[in-house]
2 protein chains.
Amino acid sequence: MAKQHQVSPEAKPAGATIYSVAERAGVSIATVSRVLQGVAVVAETTRQKVLRAVDELGYVPLGAARSLAVRHHEAHGLVLPELSGPYYAELLMGFEARAAELAQSVVLVLTNSRTDLAAAVRQLATRVDAIAVFGAAATSHDVLRLLHAKKPVVVIAGEPRDQVEAVTAENLESARELAGHVLDHGRRRALFVGDPDSGPDIRDRYAGFVAAHDDRGLTAAEPVRVALREADGAAFAQELLQGEHEADALMCANDELALSVMTTLQDAGRTVPGDIAVVGWDDVMTSRYVRPGLTTVRQPVHELGALAASRLHDLVSGEPVRTNAQTLPTQLVVRSSCGCP
Amino acid sequence: MAKQHQVSPEAKPAGATIYSVAERAGVSIATVSRVLQGVAVVAETTRQKVLRAVDELGYVPLGAARSLAVRHHEAHGLVLPELSGPYYAELLMGFEARAAELAQSVVLVLTNSRTDLAAAVRQLATRVDAIAVFGAAATSHDVLRLLHAKKPVVVIAGEPRDQVEAVTAENLESARELAGHVLDHGRRRALFVGDPDSGPDIRDRYAGFVAAHDDRGLTAAEPVRVALREADGAAFAQELLQGEHEADALMCANDELALSVMTTLQDAGRTVPGDIAVVGWDDVMTSRYVRPGLTTVRQPVHELGALAASRLHDLVSGEPVRTNAQTLPTQLVVRSSCGCP
DNA sequence: CTGTTAGCGCGTTCAT
DNA sequence: ATGAACGCGCTAACAG
């Protein structure tokens with residue numbers, strides 16, 4: 001019994017296929033495939049015939065059929081919490097750019113817009129060869145399932161687990177340096193603002209904060225556990241204004257937090273860094289526009305995204321999983337909110 | 001001749017398939033498909049058997065095979081220039097969120113990272129049911145090809161063309177209102193900063209600028225054609241400082257431009273709005289942190305992205321193409337850079 | 001409620 | 001240099 005393709009006499013109005021192109025060009029589908037993939041040598045005249053047929057029919061190959069045949073999706077998945085603020089956007093840009101170089105499509109999943117994260121990841125796994133997830137964005141159960149199914153997974157800004165690679169930017173040492181810088185301005189009541197439990201990166205930043213204190217024989221205060229959003233920063237600043245905390249320096253877990261804290265304090269008449277020093281993390285655009293300029297730490301975010309995409313590709317290509325995290329260096333950006341002139 | 005699936009005796013180590021699951025559960029592949037899709041009724045006991053087999057094997061369905069069978073990718077493509085700045089990121093978030101609601105994956109292409117845009121779009125078309133492109137991001141030739149292939153296309157912040165829908169935010173009237181507001185502060189030498197030829201949206205904003213002048217019997221100056229980036233704003237500000245332009249008000253094509261112009265001028269000792277008023281467009285985060293606060297126009301960017309995703313879905317579902325653009329309202333955000341207290 | 005089977009459109013030997 | 005035929009894994013009739 002022959003395939004319907006070769007039997008069916010009537011033309012199908014919906015979408016040209018490799019069959020219709022072949023028929024129109026008067027060749028076999030194998031030849032069409034060859035000219036389109038550019039793999040084997042095809043006579044120039046037949047080549048032209050095929051190309052013309054493709055053009056006339058407006059033929060667009062069906063990726064799913066190709067994927068099924070070649071047994072590869074030629075796509076990478078990326079799971080991010082959201083895209084507000086420049087951090088994730090930049091990460092995504094780096095990821096996309098590298099994926100493009102490697103001829104991989106990128107399928108994006110934003111977890112904040114999902115009610116059922118597990119389902120989203122499961123669904124994603126269905127259409128990509130490998131997945132990069134940010135931090136603790138994916139539930140471990142689903143990740144394990146992927147591993148069981150032999151889909152490469154890399155964690156961005158997280159920690160390596162069994163069979164799960166990690167790529168990250170340096171946190172601990174830079175945080176130690178930043179906190180040390182603040183302490184060396186003579187500040188003695190520094191507070192860390194942000195929740196160390198919200199992710200390995202924040203945890204390491206707090207660890208650096210503690211280390212800087214240790215280095216100087218000082219004792220670090222407990223972290224002020226607030227979420228990393230503007231609103232949370234403003235709320236904390238209000239607490240500060242009402243005397244609920246005592247501090248002459250604030251090391252915020254990221255810039256969004258730092259900026260909102262800083263401007264809230266300023267609007268209430270406090271001076272920065274006079275009354276209180278404020279530093280952040282990420283070096284977002286706003287940080288160089290505000291006065292005083294926000295002292296912060298710049299991460300190679302773009303490069304981090306690119307690295308994740310590269311590793312995904314390598315893993316799909318059969319490279320072994322690296323057991324230790326790849327860490328990219330960060331850079332202290334000193335402006336004046338820390339007390340520097 | 002039976003399929004290899006049923007013949008092959010040796011287990012394939014690479015990836016579980018619906019066949020291996022069926023075998024393990026002691027049922028047919030149809031039953032496996034049924035419990036996984038939840039379409040038909042399946043006896044609870046068999047259902048459990050299947051689910052257990054799925055779990056034990058770590059079965060992840062092959063999306064490509066499903067797509068081929070159901071003749072749908074269940075994915076939308078989105079073509080954006082880049083993601084720096086909040087505008088595109090917010091658009092993407094809106095798009096992704098709506099797509100998720102509609103159970104569609106989103107495949108992202110960023111054109112700024114591509115050398116061969118046409119190839120990227122062609123490739124994208126291969127794996128999605130419909131594509132949304134921002135403004136003039138895609139070459140018309142490739143778009144036409146898609147239309148020929150009956151793939152729905154919607155343009156975001158662009159103009160409808162034959163068979164191509166457009167979704168956009170209102171520009172002309174809001175620009176007229178904004179420019180009018182500035183003129184009503186008594187400014188008489190207002191300049192429009194930005195290139196009207198860089199896209200339909202900027203063109204309309206300039207048209208609004210002109211209209212506001214006309215409304216008052218004034219003559220609008222020619223636009224100062226600069227690109228929409230921070231660096232270009234700073235360069236323009238330098239020209240201004242060197243007396244190459246004469247102006248007491250600047251209506252910038254977007255906030256990034258406005259912010260960089262404003263701070264460059266301020267750093268050189270000029271006062272805003274005292275010496276010169278500056279207004280922007282987009283209401284990015286920074287605009288409410290700078291002093292004076294930047295007067296600008298807020299667009300429903302998130303909603304715009306969502307609308308694009310919705311329309312894509314509708315078009316895929318067979319709804320007819322709308323010939324006139326769907327326009328979302330914008331909102332004037334008055335702060336103090338325009339001269340208001 | 002469950003199993004059989006025919007495609008979905010493409011890449012890919014294997015002949016020629 | 002080109003064509004014929006098979007299989008990739010899944011859904012959807014159609015039987016039973």
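Since we're looking at a predicted model, the values are computed, not measured. So you know, we letter chains A, B, ... as the sequences are listed, proteins then strands, and number each from 1.
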Minimal non-hydrogen separation, A99(A) against A309(A), with atom names: N-CB, 4.0 Å
Partner set under side chain to side chain contact (heavy atoms under 4.5 Å, CB included) for D116(B), not counting sequence neighbours: A118(B), A119(B)
Contact list for DNA chain C against residues 48-59 of chain B - heavy-atom distance below 4.0 Å: none
Atom pair distance, as rounded to whole Å: OH in Y19(A) and P in dG11(C): 11 Å
Criterion salt bridge (Lys or Arg N to Asp or Glu O under 4.0 Å) on R114(A) and E96(B), from CA distance to verdict: CA-CA 10 Å; R114(A) 307 279 176 155; E96(B) 201 274 348; 2.6 Å; yes
Sugar-phosphate, base or nothing in reach of V27(B), heavy atoms under 4.0 Å: sugar-phosphate
Earlier contact from the 5' end, DNA chain C, for L68(B) and G26(B): G26(B)
Out of dG11(C), dG3(D), dC10(D), whichever nucleotide has its closest atom nearest the side chain of S33(A): dG11(C)
Between dC8(C) (P) and R66(B) (CZ): distance, integer Å: 17 Å
Contact nearer the 5' end of DNA chain D, comparing V42(A) with A64(B): V42(A)
Terminal axes of the helix from dC1(C)-dG16(D) to dT16(C)-dA1(D) (five pairs each): angle between them, nearest 10 degrees: 30°
Whole angstrom value for the distance that separates P of dG9(D) from CZ of R127(A): 17 Å
Positive for side chain to side chain contact (heavy atoms under 4.5 Å, CB included) with Q104(A), one of H73(A), H72(A), R98(A), H76(A): H76(A)
Nearest-angstrom distance from the residue atom CD1 of I18(B) to P of dT5(C): 16 Å
Nearest to side-chain heavy atoms of V41(B), which nucleotide of dG3(C), dT11(D), dC1(C): dC1(C)
d(CZ, R34(A); P, dA4(D)) in whole Å: 11 Å
T46(B) side-chain N/O to dT2(C) phosphate OP1/OP2 under 4.0 Å: yes
Check: I156(A) and L91(A) side chains under 4.5 Å, non-hydrogen atoms: yes
Between R52(B) and Q48(B), a side-chain donor and acceptor under 3.5 Å: no
Pair Q326(A), T168(A): side-chain N/O donor-acceptor within cut-off below 3.5 Å: no
dT2(C) OP1/OP2 closer than 4.0 Å to side-chain N/O of T31(B): no
Non-hydrogen side-chain atoms of V154(B) and V164(B) separated by less than 4.5 Å: no
Y59(A)/Y19(A) aromatic ring centres below 6.0 Å: no
Short side-chain N/O contact to dA4(D) OP1/OP2 from S28(A), under 4.0 Å: no
Distance below 4.0 Å between T17(B) side-chain N/O and dC8(D) OP1 or OP2: no
Separation of atom CG in L62(B) from atom C1' in dG7(D), rounded to whole Å: 13 Å
Interatomic distance, Q37(B) CD vs dC10(D) P [rounded to whole Å]: 10 Å
Nucleotide dT13(C), atom P - distance to CD1 of I29(A) in whole Å: 14 Å
Touch class at under 4.0 angstrom, heavy-atom based, for A30(A) against every strand present: base
Side chains of R24(B) and V54(B) in contact at under 4.5 Å (non-hydrogen atoms): no
